[in-house]
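Structure record follows, encoded as structure tokens.
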Amino acid sequence: MRPSAQVAVVVPTPAHSELHGPLTYTHDAPLPPGTLVRVPLGRRTVLGIVWDHAPAAPGAATLRAIDEVWSPLPPLDAAWRALVAFAARYYQRSLGEVALAALPPALRTLDAEALARRLARTPSPSGPTAHEAPPALTADQTQALQAIESATRPVLLFGATGSGKTEVYLQAAARTLARDPLAQVLVLVPEINLTPQLLARFQARFGASVVALHSGLTPAQRLRHWLAAHMGQARIVLGTRTAVWASLPRLRLIVVDEEHDPSYKSQEGARYSARDLAVVRAHHLAAAGCRVVLGSATPALETWHAAEQGRYQRIELPVRMGGAHWPALRLVDLRQQPRDTLLAPPLRAALQARLARGEQALLLLNRRGYAPVIACGDCGWKSGCPHCSAYLVYHKRERALRCHHCGHAQPVPRACPTCGNVDLAPLGRGTEQLEEHVVQALAELRRPDGGPVRVGRLDADTARGVGALEQTLAAVHRGELDVLVGTQMVAKGHDFRRITLVAAINPDGALYASDWRAPERLFALLLQAAGRAGRDAAFTAAQGAQPELWVQTSQPDHPLFAALARHDYPGFAAQQLQERRAAGMPPFAHQALLRAEARQLEVALAWLQHAAACADDLPGRPQVTLYAPVPMTLTRVAGVERAQLLLESGSRAALQALLAAWLPHLHALRRTPAGRGVLRWAIDVDPLGY
DNA sequence: AGCACGCCGACT
DNA sequence: GTCGGCGTGCTC
């Protein structure tokens, strides 16, 4: 058989490669776009995807032949390819990198034979097996459901904890599946291990037609679930941000739960936003009637702004909470307290009173370890990381100093390394110290049954290991722990029945932080944390307890707290948006970052300076502001210096045009003297933090 | 990114 | 005498 057709194939060429379009291969017949193939690339063979158009002039003198065609597998459809093509263009990555990263990693290791074996073992298509009966909806929920069904724009489902968003998702999914016997639904969640309840509820309602897609699965499970989605057997796919890439040939509804959550933004590789791509994906499928629902109690300001402008349709679910009260806000002015106060007297008294009555409490402190740094009182030495521009955190129980950025660990020195002083003191507070402090402060206290108060801690340190997280949460749930101390991970989605007091020990970092998105995140965290209190209305009522949210702060007059006291997200958002508009910040401007890494900071900065110079005269340049290159806030991590250059424009099109035209110049810089010593560089479109 | 080829230091 | 350090270059 003589090769007679030229076929465009997308292969995994990384962003740094200058091969960013499809490559041309030969085959004995044309192949439909979306077909998976194995092709030779250099000295290896790789997985590739047949793409839509063969380039007019292949860039290579001699073309090579496709090795293997995976014909048993249906091609990836046009809508999937459109999503990948959009993301590659928008986030300035190569088509191949995005397309291949969107497939389950295990697929890349298969050959045609192994694939055939696997497909033979896939189960027969399963419809949604009716299990648990859906509960009756409230009037508000019914209205929300109807609005979703008739929506022609993305829907923002704005509703607090306890307003019944999940039931709306479930019934919207049920109606979508009922309307079209082949329809598929995609549900995105921030972190699957923190929301196992949602998966459980979907499985209880829809049975085996629900599959999960997230990084906690084994490679084989992930592949099986991906194939089930691709073959149309899975009717509902529930997963984390990577699930936005799932091949779903009959996708008709996308739900993005907790849409404001920063974990939807990928921070390495292609820096995509799964929430934004979900909106794009639904838009591509608008003609087929696909809807997208973004749900949150504290939407991202970008999303809120889009709703204000009418680009998204806002649907509000009023809080019901089964008659329970919204927690009252109690502020402690830390300026009136001694430095480094952990529990101010009024908070301590409130805590003791609650525990003595048999209620539970949740204490939030966003720093793990015992103290964020140890210092010498004589010479001023501080425990800096040898590889990062950060302090080593003191972990008392481990007797170690640990870097939370590069993983460096060392024993705690007996004496100051510079002056020999043996009196080294921990500075600042972490969850480990808070736990110790709370245990001491409550040692004398007795619960109504006469037992001692039991204190538990939940952070990345105690949650390590299989099931550790679930065990602690279950212990709180069963009432075996009275106080739970932890980082923000305790605020997410858990249902603690008897918690009536939630306290943020010192969240001020977010108010001083140079990160201008910090207030938005803090508001979301505190509102979410407050939602943990008073969940069990019957218990709260029987106790005669008004649930409380305590915040210790040295800025009690910050407008954030006034809005929080009123439980007023719209008010908070209006105030923040006004500030953003005045300062010309997103969502009133569009941003991108060029980041560079090198062994020496000067090298990274100089490269960015050269990069800025090449941007002159490019399309879009007049409408884009390029700021001066600066070191990142955390300059050095694991021995690598990092710097960045911010680009900002009122016009997304101008920014996109500039970035696209800039990329070849940036690649070319690699071969110039300016490129020497630059380890890596990357463009981050719509960056979250910097 | 892989994965080669390609020239200079401490080991079986 | 080799094993191996990562510098530089290529992949239809």
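Every chain is numbered from 1, with letters handed out A, B, ... down the list of sequences.
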Calculate the interatomic distance between [X] atom [atom1] and [N] atom [atom2]; express it in whole Å.
X	N	atom1	atom2	value
A:Arg599	C:dG7	CZ	C1'	14 Å
A:Trp681	B:dA1	CH2	C1'	14 Å
A:Leu23	C:dC10	CG	C1'	12 Å
A:Arg93	B:dA1	CZ	C1'	11 Å
A:Leu679	C:dG7	CG	P	10 Å

Margin query: According to salt bridge (charged side-chain N to carboxylate O under 4.0 Å, His left out), does anything in residues 101-116 of chain A pair up with another residue at least two apart or in another chain? List the pairs.
Written below: A:Glu113-A:Arg117

Item checked: DNA chain B contacts made by residues 34-44 of chain A, counting heavy atoms under 4.0 Å -> A:Arg43, A:Arg44

Can you list everything that forms a salt bridge (charged side-chain N to carboxylate O under 4.0 Å, His left out) with [X]? Sequence neighbours excluded, please.
X	result
A:Asp459	A:Arg457
A:Arg38	none
A:Arg281	none

Check: ring-ring contact (aromatic ring centres under 6.0 Å, His included) with A:Trp245: which residues, sequence neighbours excluded?
Finding: A:Tyr272

Check: Looking at A:Arg241 and A:Asp261, does any basic side-chain N land under 4.0 Å from a carboxylate oxygen?
Finding: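 Not counted as a salt bridge, because no side-chain N and carboxylate O are separated by less than 4.0 Å.
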
